[in-house]
Number of protein chains: 2
Amino acid sequence: MSLTMALLGLLAAEPASGYQLAREFERDLGRYAWHAGHSGIYPELIRMTERGLVEVTGEGARNSRTYAVTALGRAELQAWLLAPPTGGKVRNEHVLRVFLLDALEPADGLRMLRRIAEDATCRIEELRRIRERHDRDVPEGRDALGQLAAEFGLRQFEALHSWTLWAAERLMRRQEQGGGPVSE
Amino acid sequence: MSLTMALLGLLAAEPASGYQLAREFERDLGRYAWHAGHSGIYPELIRMTERGLVEVTGEGARNSRTYAVTALGRAELQAWLLAPPTGGKVRNEHVLRVFLLDALEPADGLRMLRRIAEDATCRIEELRRIRERHDRDVPEGRDALGQLAAEFGLRQFEALHSWTLWAAERLMRRQEQGGGPVSE
DNA sequence: CACTACATGTAAACTGTTACATGATTCA
DNA sequence: TGAATCATGTAACAGTTTACATGTAGTG
């Protein structure tokens, strides 16, 4: 269901081939929202074509097919977006790691936090550069989705960074006070 | 794999029954990091017992079994936490919806953003209350994980809220300027 | 011509969800 | 004793991933 909508959303911004869509997932969408590989995308596009949600609008070199959303597809996407938020399932391995921090020795936990903080800093800088580019030439089509993603990611990584600082401080407070922290 | 680690992490904080673990997933972990239902948890606990990662340390009323991590389980968890961050898969239906915003008519998009912002505000207030409680009595065991989650969630919802404000402004800027936005 | 990137697919294995199914204990 | 909650499980189904498989076009 969600994969269907993700594809519909990408194609609503701009028609594309399965290959291009797969690359798109590796960029913004796959990073923050929904991950998918080409082997899931191609069969899904065929199913969607059968259901009339998308259609092949052209064939290019190397047997590539360009897909575009149909009116029906657009209607289904909009209906889904406006529908009451069903208890969406969350799966995020990064966040999971971060939550299990207390299972490590404090020294290891600190190392892990520092690594996460560094990584977050890199991404924040990268996203700030992307933002500047967006400020100059106002994005259209799929780049507009990229802009939404960049602004979202920027704030999220800032939040993550702020959290690592808090968590590191908490760890050090604990280390000073109570002696044996984790191990049995 | 991730479910295994999530369970190991919860049990590392405090031994528990499958039922208690399932309830735990409905709270912090399932909200932000990893969702799982009881029908996935019970079979996984049995497999983990067979692999020697956990063990049954007691049986209580109503045929309940209490599981605890073994030394091996703790070692595997720590190894996984310290391992290089494999390109973790992300699946978040909420974020997906938010990314596909541009597929809606501007008026609908604004309504959606407002709904998300309101929801975020509620959760932020809730998490602030939880934080105050944590400030009074320093959490131990599984409550410590709850504290990590609360501080993380707080920052994340603040980021989401900030993003909705930005996105709403962007939508209104677009509405003023270029006329026809989405529909073909 | 070799290598890389483009481009699409399938089958088996794995993971997770939904719906079904059962029984124990507490409380009103 | 009826209802709610605690407590555990299974089987069929749906969705994803991994590995395999194939062929095209451009570039050095």
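All values below come from the heavy atoms of this structure, side chains included, with hydrogens, waters and symmetry mates left out. Residue numbering restarts at 1 for every chain, and letters A, B, ... go by the order of the sequence lines.
Remark: the B/Arg155 side chain and the A/Gln156 side chain contain no N/O donor-acceptor pair separated by less than 3.5 Å.
Using a 4.0 Å cut-off, some side-chain N or O of B/Tyr42 falls inside it from OP1 or OP2 of D/dT8.
Note: CE (B/Met48) to C1' (D/dT8) measures 17 Å, nearest angstrom. In this entry the distance linking CD of B/Glu59 with P of D/dG9 reads 10 Å, nearest Å. Atom CD in A/Glu93 sits about 12 Å away from atom P in D/dT17, given to the nearest Å. Rounded to an integer number of Å, the gap from OH of A/Tyr19 to P of C/dA5 is 8 Å.
The pair B/Arg47-B/Glu44 counts as a salt bridge, with a side-chain nitrogen and a carboxylate oxygen less than 4.0 angstrom apart. Of the charged side-chain nitrogens involved, at least one lies within less than 4.0 Å of a carboxylate oxygen, so that A/Glu76 and A/Arg51 count as a salt-bridged pair. Look at B/Glu132 and B/Arg136 and you find no salt bridge, because none of the NZ, NE, NH1 or NH2 atoms lies under 4.0 Å from a carboxylate O. Ion pairing between A/Glu93 and B/Lys89 fails under the 4.0 Å rule for side-chain N and carboxylate O. Between A/Arg133 and A/Asp137 there is no salt bridge, since no side-chain nitrogen of the basic residue lies less than 4.0 Å from a carboxylate oxygen of the acidic one.
Position along DNA chain D of the nearest nucleotide to B/Ile46 versus B/Arg23 favours B/Arg23 as the more 5'-ward residue.
A/Trp166 and A/Trp163 have tilted rings, their planes meeting at an angle from 30° to 60° on a 0 to 90° scale.
Residues from residues 24-32 of chain B lying near DNA chain D, meaning a heavy-atom separation below 4.0 Å, are absent.
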Contact state string [nucleotides 14-28 of chain C, B base, S sugar-phosphate only, - no protein heavy atom under 4.0 Å]:
--SBBB----BBS--
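With C/dG9, C/dA7, D/dT10 as the choices, the nucleotide that has an atom nearest any side-chain atom of A/Ser64 turns out to be C/dA7.
For B/Glu126, the CD atom is densely surrounded, since the number of other residues' heavy atoms within 6.0 Å is greater than 12.
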